[in-house]
Amino acid sequence: MAIFLLVALSTSHIASSLRPGLGVCRASGYLPGKSGNCEKSNDPDCCEDGKSFEKGKDGGGPSECDNAYHSDKEMVVALSTGWFKNMARCGHRIKITANGKSVYAKVVDECDSVYGCDEDHNYEPPCADNIVDASPAVWNALGLDQNVGMEGITWSDE
């Protein structure tokens, strides 16, 4: 499975790409924090592609906003720490535009830009500070190929 990330640049919410995975275990460099220890002996999926909002998949625990899992058929996203704003955007819908199409998705989780590579984060590295991590339903609705890796997007509060 590919990690489904919508990568956005700057505070203007103009995005540069969709990314399947960061592939490295280190903080983005923009927020202070600790990167942890990402060793494959801890978890074979450590630093590997794979993200799901569903229970039992490799996306980690339940969503931060509602402590629930979500079907990959739902239009849901996780925002990087700065955009998540300490849960202030929980439950809000954001508009995501790419490929000449726009969709609305509900913010249900944080893509932690400070901590990672531990059990709480499914041994995944910290997200960059410009991430909109989207469910497969969002990718499909935008007509994007989840295997491509990078696609330009924009997003805004509804």
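Note that these values count all heavy atoms, side chains included, but never hydrogens, waters or copies made by symmetry.
- The main-chain N or O of Lys73 is found under 3.5 Å from a side-chain atom of Ser71 such that the two form a donor-acceptor pair.
- Between the CG atom in Asp133 and the CG atom in Asp112 there is a gap of 12.0 Å [rounded to 0.5 Å].
- Looking only at side-chain heavy atoms (C-beta outward), Ser113 and Pro126 stay at 4.5 Å or farther from each other.
- Residues Pro62 and Tyr69 come closest through the heavy atom pair CD-OH, 3.3 Å.
- With a 4.5 Å cut-off on side-chain heavy atoms, Phe84 and Cys65 count as touching.
- Among all heavy-atom pairs drawn from Ser80 and Ala128, the shortest one is CB-O, 3.4 Å.
- Note on Asp157 versus Lys95: no salt bridge recorded, every NZ/NE/NH1/NH2 to OD/OE distance being 4.0 Å or above.
- Side chain of Asp72 to main chain of Pro136: no donor-acceptor pair is present (N/O by atom type, distance under 3.5 Å, no hydrogens or angles).
- Note that OH of Tyr115 is 10.0 Å distant from OG1 of Thr81, once rounded to the nearest 0.5 Å.
- The closest side-chain heavy-atom distance from Glu64 to Cys90 is not below 4.5 Å.
- At least one side-chain heavy atom of Ser63 sits under 4.5 Å from a side-chain heavy atom of His70.
- Hydrophobic clustering, with ILVMFWY side chains joined whenever heavy atoms are under 4.5 angstrom apart, groups Trp83 together with Met87.
- Summarising the geometry, atom CD belonging to Glu74 is positioned 9.0 Å from atom CD belonging to Glu54; distances are rounded to the nearest 0.5 Å.
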Would Asn140 and Gln146 satisfy side chain to side chain contact (heavy atoms under 4.5 Å, CB included), going step by step from the backbone distance to the final call? CA-CA 8 Å; Asn140 293 337; Gln146 298 171 25; 3.2 Å; yes
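- At distances below 3.5 Å, not a single donor-acceptor pair connects side-chain atoms of Asn99 with backbone N or O atoms of Leu144.
- Here the shortest heavy-atom pairing between Val76 and Ala105 reads N-CB, 4.2 Å.
- Separating the OH atom in Tyr104 from the NE2 atom in His92 is a distance of 15.0 Å, to the nearest 0.5 Å.
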Evaluate side chain to side chain contact (heavy atoms under 4.5 Å, CB included) for Ile131 paired with Leu79, printing each intermediate quantity in order. CA-CA 6 Å; Ile131 298 295; Leu79 297 178; over 6 Å; no
Tell me, with the steps shown, if Val138 and Ile96 meet side chain to side chain contact (heavy atoms under 4.5 Å, CB included). CA-CA 9 Å; Val138 173; Ile96 303 166; 4.0 Å; yes
List the steps, then state whether side chain to side chain contact (heavy atoms under 4.5 Å, CB included) holds for Ile94 with Val77. CA-CA 9 Å; Ile94 63 170; Val77 297; 3.9 Å; yes
